[in-house]
Amino acid sequence: MEEKVVLVNPNDDVLGVMEKMQAHQNGLLHRAFSVFLFNQEGKMLLQQRSATKYHSPNKWTNACCSHPRENETYLDGAKRRIHEELGITCELEEKFHFIYKADVGQGLWEHELDHVFIGTYNGEYQLNPDEVSAIRFVTMEELDEQIANKPELFTEWFKIIWDEYRHHL
């Protein structure tokens, strides 16, 4: 099935749908969501993207990032993807949304109206190996240090979203 994204203007008015790769090649603004998950100790889950991903393979990022489908809410899309990628179900709360644009290499751009959700989960994970190679938990301080010392290990969009998230704490 061809994956499509929902193209929008900065006010989130729908302009149409487009094949995901084409939207990323053209750097067109589209809907997206990002999920930050924490455990009971307050540590944040990071996922390492699968080596088979078409961009940013093996890079570390937040628990889940993706795109809602046409006629799917941001929240429903976020819940769907955490189940597809991490094999879990949990409550999510939207914290904020913003627009960013990031060069992810290979002539591809993430230009997204991104809704950021947070949740808490303490159970077992069933990782989808097509999406996720590994997970780990870090404190905010550890993450800040790791991004400062080895930024190349993290996805470009995660560094932007993390910085924005810190401003909303």
Side-chain angles (χ1 to χ4, degrees), residues 1-6 19-21 23-24 30-69 72-95 97 100 102-106 108-147 149-166:
M1 183 173 95
E2 181 180 68
E3 252 189 282
K4 296 189 175 191
V5 296
V6 178
E19 192 276 320
K20 182 171 78 168
M21 183 65 85
H24 288 157
H30 57 277
R31 288 181 172 169
F33 53 80
S34 299
V35 178
F36 287 31
L37 290 178
F38 298 87
N39 64 17
Q40 63 195 13
E41 299 168 4
K43 292 184 175 182
M44 190 170 83
L45 180 136
L46 296 180
Q47 73 148 275
Q48 185 178 31
R49 290 169 56 85
S50 168
T52 61
K53 297 296 274 185
Y54 71 95
H55 73 77
S56 308
N58 296 313
K59 294 203 177 207
W60 290 94
T61 196
N62 54 296
C64 177
C65 288
S66 193
H67 310 95
R69 294 177 175 152
E72 181 179 50
T73 67
Y74 287 94
L75 177 59
D76 287 344
K79 287 183 173 186
R80 172 180 52 82
R81 286 305 289 170
I82 64 169
H83 186 264
E84 292 171 355
E85 292 186 20
L86 302 171
I88 67 166
T89 302
C90 72
E91 290 302 311
L92 299 174
E93 174 189 352
E94 184 171 347
K95 294 306 278 182
H97 63 274
Y100 74 91
D103 181 348
V104 296
Q106 302 165 323
L108 302 174
W109 293 86
E110 289 286 7
H111 189 193
E112 298 183 331
L113 173 58
D114 191 28
H115 285 242
V116 179
F117 295 89
I118 65 165
T120 302
Y121 183 77
N122 293 298
E124 296 294 317
Y125 292 86
Q126 299 295 319
L127 305 182
N128 177 344
D130 293 333
E131 301 288 339
V132 183
S133 295
I135 60 172
R136 63 187 170 103
F137 288 88
V138 295
T139 66
M140 292 183 171
E141 294 77 19
E142 289 168 336
L143 181 56
D144 285 338
E145 183 179 318
Q146 291 169 17
I147 290 174
N149 292 328
K150 296 272 190 182
E152 68 277 7
L153 298 180
F154 297 89
T155 62
E156 291 304 314
W157 65 87
F158 175 54
K159 292 180 278 190
I160 294 167
I161 297 165
W162 176 242
D163 188 52
E164 187 71 20
Y165 178 83
R166 301 283 288 176

Test side-chain contact (heavy atoms from CB on, under 4.5 Å) on Leu92 and Ile118 and set out the steps. CA-CA 5 Å; Leu92 299 174; Ile118 65 165; over 6 Å; no
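- The shortest non-hydrogen separation linking Trp157 to Ser56 is CZ3-OG, 3.5 Å.
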side-chain contact (heavy atoms from CB on, under 4.5 Å), that's the test. Do Leu113 and Tyr74 meet it? Break it down for me. CA-CA 11 Å; Leu113 173 58; Tyr74 287 94; 3.6 Å; yes
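- With sequence neighbours left out, the side-chain hydrogen bond (donor to acceptor under 3.5 Å, both in side chains) criterion links Glu85 to Gln47, Arg81.
- For the pair Trp60 and Phe158, the minimum side-chain heavy-atom distance is 4.5 Å or more.
- Within the model, atoms CG of Leu37 and CD1 of Ile88 stand 5.0 Å from one another, a figure rounded to the nearest 0.5 Å.
- Minimum heavy-atom separation, Ser50 to Ser133: CA-OG, 3.2 Å.
- Contact record, Ile160 with Ala102: CD1-CB, 3.7 Å, taken as the closest heavy-atom pair.
- To the nearest 0.5 Å, atom CZ of residue Phe117 and atom NZ of residue Lys79 are 9.5 Å apart.
- The CH2 atom of Trp162 sits 8.5 Å away from atom CG of Leu46, with the distance rounded to the nearest 0.5 Å.
- Counting non-hydrogen atoms of neighbouring residues, nucleotides and ligands closer than 6.0 angstrom, the CD atom of Glu145 reaches no more than 12 such neighbours.
- Going from atom OG1 of Thr61 over to atom CG of Leu153 covers 12.5 Å, rounded to the nearest 0.5 Å.
- Qualifying side-chain hydrogen bond (donor to acceptor under 3.5 Å, both in side chains) partners for Asn62, counting only residues two or more places apart in sequence or in other chains: none.
- Using a 4.5 Å heavy-atom cutoff, the side chains of Glu156 and Tyr100 are not in contact.
- When side chains are defined from C-beta on, Lys43 does not count as touching Val138, because their heavy atoms never get closer than 4.5 Å.
- Remark: side-chain polar atoms of His30 are paired, donor with acceptor, to backbone N or O of His111 under 3.5 angstrom.
- Residues Asp144 and Arg166 form a side-chain contact, since some pair of their non-hydrogen atoms from C-beta on lies under 4.5 Å apart.
- To the nearest 0.5 Å, atom OH of residue Tyr121 and atom CD1 of residue Ile82 are 9.0 Å apart.
- Checking Glu94 against His115 by side-chain atom types alone, a donor-acceptor pair falls below 3.5 Å.
- Between Tyr54 and Met21, the closest side-chain pair of non-hydrogen atoms falls below 4.5 Å.
- Residue Glu91 qualifies as open at atom CD: its count of foreign heavy atoms under 6.0 Å is 12 or below.
- Using a 4.5 Å cut-off on side-chain heavy atoms (C-beta onward), Glu164 and Val116 make no contact.
- Across all their heavy atoms, Ile161 and Asp114 have their closest contact at CD1-OD2, 3.2 Å.
- Among all heavy-atom pairs drawn from Pro57 and Ala51, the shortest one is CB-O, 3.5 Å.
- With rounding to the nearest 0.5 angstrom, the OG1 atom of Thr120 is 11.5 Å from the CG atom of Leu45.
- Judged by distance alone, with hydrogens and angles left aside, the side-chain atoms of Ser34 form no donor-acceptor pair with the main-chain N or O of Cys65 at under 3.5 Å.
- When all heavy atoms are compared, the tightest approach of His24 to His67 is NE2-NE2, 3.7 Å.
- Residues Asn58 and Gln48 form a side-chain contact, since some pair of their non-hydrogen atoms from C-beta on lies under 4.5 Å apart.
- The list of salt bridge (charged side-chain N to carboxylate O under 4.0 Å, His left out) pairs with a residue in residues 50-60, not counting sequence neighbours, reads Lys53-Glu131.
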